[in-house]
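Below is one structure, written out as structure tokens; comments come after it.
Remember, it's 1-based here, ligands and their atoms both numbered in the order they're listed. Remember, it's a predicted structure, so these values are computed and weren't measured experimentally.
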Amino acid sequence: MTGAAVSDFIPVCTPVLDGNEKRYLAECIDSGWVSSEGPFVSRLEAEMAQLCGKRHGVALSSGTAALEAAVRALQLGEGDEVIIPDFTIISCALAVIRCGATPVAVDANPYSWCMDIKSVRAAITPRTKAIMAVHIYGLTVDMPAIRELAAEHGLFIIEDAAEAHGQTINGAPCGSFGDVSVFSFYPNKLVTTGEGGMALTDDDAIAARLRSLRNLCFTEKRFVHHELGWNWRMSNVQAALGVAQLERLQDAIAAKIAMGRSYDALLAPLHDVRTPMRRTEHSENHYWVYGIVLSRNLPIDAEYVMARLHEKGIGTRPFFWPMHEQPVFQQMGLFEGADCPVSSRLGRRGLYIPSGIGITPEEQQRVVSALREVLLP
Ligand SMILES: *Cc1c(COP(=O)(O)O)cnc(C)c1O
């Protein structure tokens with residue numbers, strides 16, 4: 001099997017770090033502030049809080065840690081149910097399970113790929129305590145509907161906006177909707193710190209719990225602890241990257257939208273490829289990644305297409321694999337009887353194609369030509 005020359009390979013995503021990143025990193029080194037005590041950490045917290053109209057930002061070591069911190073800070077545990085999307089990253093389920101609460105998975109909406117509101121409503125029981133709403137691939141959850149359900153049933157909202165930095169829903173920022181809202185700063189996200197995450201809240205007590213959990217649950221009397229904590233701190237070096245990245249967020253969003261529009265046009269003649277919704281009722285697609293779904297007419301699945309594209313020098317990633325079909329959760333007896341056919345189909349027939357903000361129109365053309373050759377040999 002011969003692949004394209006390595007230099008010709010179009011990766012699925014590469015971070016762009018050509019703003020003030022180097023300058024701020026040099027500041028960390030020159031000042032000696034490399035731990036979590038440095039000034040960039042509180043600056044990134046304040047700037048993210050401002051972006052989302054929240055009172056508190058708490059920087060954490062990853063988006064996964066931020067999700068678990070959110071569930072813990074809301075004091076959810078044994079006997080509590082948290083509704084999560086079936087079609088998401090495992091971090092969402094892990095956060096709930098690690099706190100001893102029970103994740104209840106609901107199916108994806110076939111158009112927005114985000115959690116389906118009718119399914120959320122149907123999953124609410126007297127034990128339900130929270131809804132974890134996750135924006136997927138640049139499309140957004142119907143938050144007005146989630147808010148209504150949460151208010152009606154007295155539920156917390158945990159908003160996972162790891163794929164939605166700078167996005168808005170009816171003009172309100174993603175990250176503004178949760179009792180706790182969560183971001184990731186992994187390198188494929190719209191703002192990266194290398195590794196890192198953030199939890200945002202308006203509630204002083206929740207913010208204090210988030211800060212305590214992050215830092216080993218230290219108390220007034222240093223080295224005396226009343227609770228089990230974690231080391232979920234973010235370093236000043238990581239935060240320095242994030243502050244520089246945040247300065248360029250609007251450029252990154254514009255580049256993603258241009259990339260999405262261009263793929264839309266190039267893919268229009270390929271009738272067996274479903275392209276993403278351009279907008280939901282409440283927001284524009286920001287194309288965090290450009291996902292495609294193979295139509296049922298095609299006798300091949302995403303795995304086949306990804307392997308052929310790889311041979312042609314095109315990087316891809318599969319869509320999420322449904323939570324209710326995860327071997328680890330099946331062994332644990334979780335999600336038994338979950339009815340999530342859309343999520344199952346997306347997991348098998350969905351993939352995303354190169355979506356970095358540095359991608360050129362020529363590279364996009366190469367991606368689509370390669371896809372055409374795979375689908376119409
Ligand atoms: C990336 C991501 C996470 C996890 O973030 P990490 O920083 O990689 O731990 C959580 N939720 C969603 C929706 C994500 O896309």
Next on the checklist: What protein heavy atom lies closest to atom 15 (O) of ligand 1? Include the residue and the distance to one decimal.
Outcome noted: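 The closest heavy atom on the protein side is Glu163 OE2, 2.5 Å.
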
Next on the checklist: How far is atom 3 (C) of ligand 1 from the closest protein heavy atom, and which atom is that?
Outcome noted: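 Of the protein heavy atoms, Lys189 NZ, 3.8 Å lies nearest.
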
Checklist entry - Among Asp202, Asp204, Asp203, which one satisfies salt bridge (charged side-chain N to carboxylate O under 4.0 Å, His left out) with Lys54? => result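 So the option named by the test is Asp202.
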
Checklist entry - Does Thr88 have a heavy atom less than 4.0 Å from any atom of ligand 1? => result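 Outside the 4.0 Å threshold, so no.
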
Checklist entry - Does Ala66 come within less than 4.0 angstrom of ligand 1, counting non-hydrogen atoms of the residue? => result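 Contact check Ala66 vs ligand 1: negative.
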
Any nitrogen or oxygen of [X], side chain or backbone, less than 3.5 Å from one on ligand 1?
X: His135; answer: no
X: Ser184; answer: yes
X: Gly63; answer: yes

For ligand 1, which atoms, with element, lie under 4.0 Å from some heavy atom of [X]?
X: Ser62; result: 7 (O), 9 (O)
X: Gly196; result: 7 (O)
X: Val134; result: 13 (C)
X: Asp160; result: 10 (C), 11 (N), 12 (C), 13 (C)

Item to check | Pair Phe320 + Phe87: ring centers closer than 6.0 Å | outcome: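 That pair passes the under 6.0 Å test.
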
Checklist entry - When the aromatic ring centroids of His165 and Phe183 are compared, is their separation below 6.0 Å? => result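 Between His165 and Phe183, the centre distance is under 6.0 Å.
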
Output a table of donor-acceptor pairs, distance under 3.5 Å, between side-chain atoms of residues 142-153 and any protein atom two or more places apart or on a different chain; print 'none' if there are none.
unit_1 : atom_1 : unit_2 : atom_2 : d
Asp142 : OD1    : Ala145 : N      : 3.2
Asp142 : OD1    : His282 : NE2    : 3.2

Item to check | SB check Arg366 Glu362 (cutoff 4.0 Å) | outcome: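 No, no charged N to carboxylate O under 4.0 Å.
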
Next on the checklist: Cation-pi check for Phe319 against Arg348: NZ or CZ below 6.0 Å from the six-membered ring centre and within 45 degrees of the axis, yes or no?
Outcome noted: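 The answer is no, since Arg348 fails at least one limit relative to Phe319.
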
Checklist entry - Cationic tip of Arg261 within the cone over Tyr263's six-membered ring, i.e. under 6.0 Å and within 45° of the normal? => result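 Judged by the rule (NZ or CZ under 6.0 Å from the ring centre, within 45° of its axis), Arg261 is not positioned above Tyr263.
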
Checklist entry - Is the Trp113 ring parallel, tilted or perpendicular to the Tyr137 ring (thresholds 30°, 60°)? => result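 Rings of Trp113 and Tyr137: perpendicular, over 60°.
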
Next on the checklist: Test of understanding: given a 4.0 Å heavy-atom threshold, classify the contact between Ala162 and ligand 1 as side chain, backbone, both, or neither.
Outcome noted: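 For Ala162, only side-chain atoms sit under 4.0 Å from ligand 1.
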
Checklist entry - With backbone taken as N, CA, C and O and side chain as the heavy atoms from C-beta onward, which portion of Thr64 lies under 4.0 Å from ligand 1: side chain, backbone, both, or neither? => result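 Under 4.0 Å from ligand 1, Thr64 contributes backbone and side-chain atoms.
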
Item to check | Hydrophobic cluster (4.5 angstrom, side-chain heavy atoms) - remaining members for Val16 | outcome: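 ILVMFWY cluster around Val16 also holds Ile357.
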
